[in-house]
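When reading the values below, keep in mind they use all heavy atoms of this one structure, side chains included, and skip hydrogens, waters and symmetry mates.
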Number of protein chains: 2
Amino acid sequence: MLFLKAKILDIDLENIVLINYDDLKNSQYFSQDRVVIEYKNKEIIAFLYSSKDLINSGEIGLPKKIADELKVKEGDIVNVSHADKPISIQYIKKKMDGNKLKKEEIYTIIDEIVDNNLSNIEISAFITALYINGMDIEEITSMTIRMAETGEMIKWEGQVYDVHSIGGVPGNKYALITVPIIAYTGLKIPKTSSRAITSAAGTADIVEVLTRVNLKVEEIKRVVKETNGCLVWGGALELAPADDITITVERALNIDPKPLLLSSVLSKKLAMGINKLLIDIPLGAKVKNMDEASSLARNFIELGDRLNIYVDCAITYGEQPIGRAIGPALEAKEALLALEDYKKAPNSLVEKAISLSGILLEMGGIAPKGEGKDLAEDILATGKAHDKFMEIIVAQGGEEKTSDEIEVGKYYTDILSPIDGYVTKISNEKITKIAKTAGAPNDKKAGVYLNVKVGNKVEKNDVLFTIYSDSKERLEKAVKLSRLLMPVKVEGMLLKRITRF
Amino acid sequence: MLFLKAKILDIDLENIVLINYDDLKNSQYFSQDRVVIEYKNKEIIAFLYSSKDLINSGEIGLPKKIADELKVKEGDIVNVSHADKPISIQYIKKKMDGNKLKKEEIYTIIDEIVDNNLSNIEISAFITALYINGMDIEEITSMTIRMAETGEMIKWEGQVYDVHSIGGVPGNKYALITVPIIAYTGLKIPKTSSRAITSAAGTADIVEVLTRVNLKVEEIKRVVKETNGCLVWGGALELAPADDITITVERALNIDPKPLLLSSVLSKKLAMGINKLLIDIPLGAKVKNMDEASSLARNFIELGDRLNIYVDCAITYGEQPIGRAIGPALEAKEALLALEDYKKAPNSLVEKAISLSGILLEMGGIAPKGEGKDLAEDILATGKAHDKFMEIIVAQGGEEKTSDEIEVGKYYTDILSPIDGYVTKISNEKITKIAKTAGAPNDKKAGVYLNVKVGNKVEKNDVLFTIYSDSKERLEKAVKLSRLLMPVKVEGMLLKRITRF
């Protein structure tokens, strides 16, 4: 046990205390040890770090928040001792050893994650163990339920519908068209979506060009009551908070273990009170082949059954961007155009939006099997979807706008084809990188507009795509990057010539 | 990319920058993202955290050290963008996927660990992957070599010897006897040891009761030149720094993956320039059975061969503490007593010390095979080991002392046997806990002295052990704990009586 003089620090790092570097080296403690800080029968658990200059020998630096909780004043003597390890550690080890976890064990892990009792080290070990050893459907079910229960839970009267894409394909703004089509028919569709995680624009970023997206639960309920639908940012709610914590670690490791991929999606839908859910699995993006996509779809359906969520899956084409626009404002403009006059909008976007809408209409009993898509097209073609969309936008606090009124980046550069030929490939990853370099999604007006799609014939010096940005400097960086990456591949019909020698 | 106004923080957390909590939530960044902070063509990589109160919207909090490196002053505008992930991530993933790593890949991981390029999340994933998927001897060899090469490397003229215990058994102070026995014969034995990691006293903590232990390389060389031996703290040197970092994470997870157990020991010995090494594997402590011990011994020998270190292993009895004293001063006192008059010292300690010494003398060609132990006993019995020990103590900056002169805790309590019977078990873990609660190793005079060992006959109210401490309060805590834990088990010959009913 150490007895140290409190030095109060005006910093709000949670759960961190600092002692002198030499004190630490000479003690039985190690950097990042979990310790109990005790003062007059109050105690708090924190992680120990060291400092060479800020903290003198014999002192302990306590962030204000910790000092307040302990009622410690500058110069008071506090006790420091080793804290017990969180209970989860043994269950994480059990998973490392390849064993199945019991429901109570999974609940404990999720509870300790949500309560911030687990450090990054421990969460990373859990996620790595899940990646290597996996979980069976029973374990995943327990994890999903607990992830939902530890956050906000929303209830609705009657059935509510939703559509969710597992992502990975740029330009995927179909929800702006699908949600009003569904809502028009009287089905309730309270759509929550995320901001960009690795993409250039999340659905929430796109909708935010037109209206508010950070609505609280009561506002969402009002909007859905008025319009049957909404398009809001899920992050403004406290849905399945464990998921936000595990995603941080998954991102750092560049892995997405299947148990977490499944529980991440369905815990949020369970918390949101969704009864019937359509999941869009773009092929060629996160999922590489039909077998993998089908297996994932079966997992989603089975997990849904156990959670009392009726799940259908649509495996969609995802080997190039959807539509032509990538970036918040550009995508909002394109979606609005599709709602205004769908014949003028890119076919890939319209086709995807009405196909998914069709499935939802059939799931909801609005259209007989096989007739959902036609009904959806009709609702779009007659402007009913457009009007419903405007209702939703206004109900969320925005104003009606036409696609012409949407401003995009004031600086732009056309990227031209170096040769005559055909477009053989457009890389999702490269287009995303270029749009992000131009400033998307934080610069809402930044992005890429594709003048060509795969299969198009082009001539030398035709415009392949245009990069937009509100910053000259970022535009230049993006242009440079696009010359390096060549995201749109143009090839002549003659690919290689082999001659006698 | 974000453009933020610098706010300089007087705190030396390495690699951390803070932005406003709402700014973060509304950006494409996540807590703990690896970011590049750029200012006038200088850049630095750090991890992003958020603060609600300390940092206003539009600001970024930079620890002084980072601000100095970037030459940023309060109020300057810096750029923040996503940093590339460290190269190691893909190799860590490769190990997660169960594949063998190439030498260059392992070198990259170790280099990035030493350079602080990997976060806890990434190091934890690496260690978890090693725990689950293991490494073959070739991979372990590469890891061990690189761990040594990335720190200080010490060279000697001629052969140098060492003895190392993998630990887990309390009271294991044999090195204070073995080192002078070996040094007396002219073999060089520059012994480095650690402070207590989970124990009540590391060898360095014990020696520190008698002399300085934080010697620098040049001092160690001088001491070994003068006396042929030393007993110093390895932590004062920069040996195999990757090991210190991985151990922090292993401790948090309570795991000790075999590849790291092996590389941790041998990287430090390789860096220390050891040619011949005896490894002590106490049975019943970290290693539970003879098969496990033998397998570990074979691994050490094979790894040693690949590193050009001749390794012998001794599997020793470790099911109860070695000798009777646990805690720095108590152990120093007991070791000194053995050197002064070995007949008065506990047999288990003397037996272990001369057995291990005997093996080393045979390894060094000082004694013929089978005769090392007798020679060692002779060196101890005739006081030559004692004189050599005093030489070493003085050369390291201490003064000659007798065992009587070593002070132990001024407060003490005897713990009595509740019944007549026999001592059937003494728990290593429980005795350690009690000694640590009494204050060891930071309170050097705290610890436990065992009046009995397993097999002893005791009568009711005989003293089982005595707890020492320099603090009344801690002594009371330790006494309470020992009543709860009952570390010394006394049972009558009649264990259970079954009667007719």
Side-chain angles (χ1 to χ4, degrees), chain A residues 1-2 9-13 16 18 25-28 30-34 49 51-54 61 64 82 85 89-90 92-93 96-98 119-129 131-133 195-197 205 235 244 247-249 251-255 436-437 439-443 474, chain B residues 1-2 9-13 16 18 25-28 30-34 49 51-54 61 64 82 85 89-90 92-93 96-98 119-129 131-133 195-198 205 235 244 247-249 251-255 436-437 439-442 474:
Chain A
M1 198 176 293
L2 303 172
L9 304 174
D10 182 21
I11 189 163
D12 69 348
L13 284 172
I16 281 183
L18 291 161
K25 258 211 136 174
N26 283 301
S27 78
Q28 83 227 71
F30 289 79
S31 182
Q32 299 162 42
D33 269 0
R34 183 182 268 107
Y49 281 79
S51 160
K52 275 181 186 157
D53 305 321
L54 186 67
K64 240 174 155 177
H82 275 120
K85 289 187 188 299
I89 302 243
Q90 50 187 292
I92 293 172
K93 180 140 185 291
M96 284 188 210
D97 289 328
S119 70
N120 279 336
I121 291 176
E122 293 141 5
I123 296 172
S124 175
F126 177 55
I127 289 172
T128 304
Y131 177 84
I132 300 175
N133 289 332
R195 294 192 186 280
I197 297 177
D205 298 314
D244 297 337
I247 277 182
T248 300
V249 176
R251 275 168 50 78
L253 297 174
N254 247 345
I255 57 174
K436 286 169 77 173
T437 303
N442 281 27
D443 173 357
R474 288 200 300 270
Chain B
M1 198 176 294
L2 302 172
L9 304 174
D10 182 21
I11 189 163
D12 69 346
L13 285 172
I16 281 182
L18 292 161
K25 259 210 137 176
N26 284 302
S27 78
Q28 83 228 69
F30 288 78
S31 183
Q32 299 162 44
D33 269 359
R34 182 181 268 107
Y49 282 79
S51 161
K52 275 182 187 159
D53 304 322
L54 186 67
K64 239 174 152 175
H82 275 119
K85 290 188 187 297
I89 302 242
Q90 50 187 292
I92 293 172
K93 181 139 186 289
M96 285 189 209
D97 288 329
S119 71
N120 279 336
I121 290 175
E122 293 141 5
I123 296 172
S124 174
F126 178 54
I127 288 172
T128 304
Y131 178 83
I132 300 175
N133 289 331
R195 295 190 185 280
I197 297 176
T198 54
D205 298 313
D244 298 337
I247 278 183
T248 300
V249 176
R251 275 168 49 78
L253 297 175
N254 247 344
I255 57 174
K436 286 169 77 173
T437 303
N442 281 27
R474 289 200 299 270

- Identify which of B/Ile132, B/Asp97, B/Thr437 forms the greatest number of heavy-atom pairs closer than 4.5 Å to chain A. B/Ile132
- Query: In terms of heavy-atom proximity below 4.5 Å to chain B, should A/Asp205 be classed as side chain, backbone, both, or neither?
  - Reply: neither
- With sequence neighbours excluded, what pairs up with B/Asn120 under the side-chain hydrogen bond (donor to acceptor under 3.5 Å, both in side chains) test? A/Gln32
- Over all heavy atoms of both residues, which pair between B/Ala252 and A/Ile121 is shortest? Give the atoms and the distance, please. CB-CG2, 3.9 Å
- Message: Between B/Arg474 and chain A, with a heavy-atom cut-off of 4.5 Å, which part of the residue counts as in contact: side chain, backbone, both or neither?
- Response: side chain
- Note on the structure: Honestly, the part of B/Asp244 sitting under 4.5 Å from a heavy atom of chain A is neither
- Item | Region of B/Lys436 that comes under 4.5 Å of a non-hydrogen atom in chain A | side chain
- Note on the structure: Of A/Glu122, A/Lys85, A/Arg251, the largest count of non-hydrogen pairs under 4.5 angstrom with chain B goes to A/Arg251
- Message: My understanding is that only residues two or more places apart in sequence, or in another chain, count here; which of them pass side chain to side chain contact (heavy atoms under 4.5 Å, CB included) with B/Asn442?
- Response: A/Leu2, A/Ser27, A/Gln28
- Can you tell me how far the CD1 atom of B/Ile92 sits from the CG atom of A/Asn254, to the nearest 0.5 Å? 11.0 Å
- Top contributor to chain A interface from B/Ser119, B/Ala129, B/Ala125 [non-hydrogen pairs under 4.5 Å]: B/Ala125
- Going from OG1 on A/Thr248 to CG on B/Asp33, what distance comes out if it is rounded to the nearest 0.5 angstrom? 7.5 Å
- Message: If I measure from the heavy atoms of chain A, does B/Leu253 come under 4.5 Å with its side chain, its backbone, both, or neither?
- Response: both
- Note on the structure: d(A/Thr128 OG1, B/Met96 CE) to nearest 0.5 Å is 4.0 Å
- Query: Is it the backbone or the side chain of A/Asp443 that comes under 4.5 Å from a heavy atom of chain B, or both, or neither?
  - Reply: neither
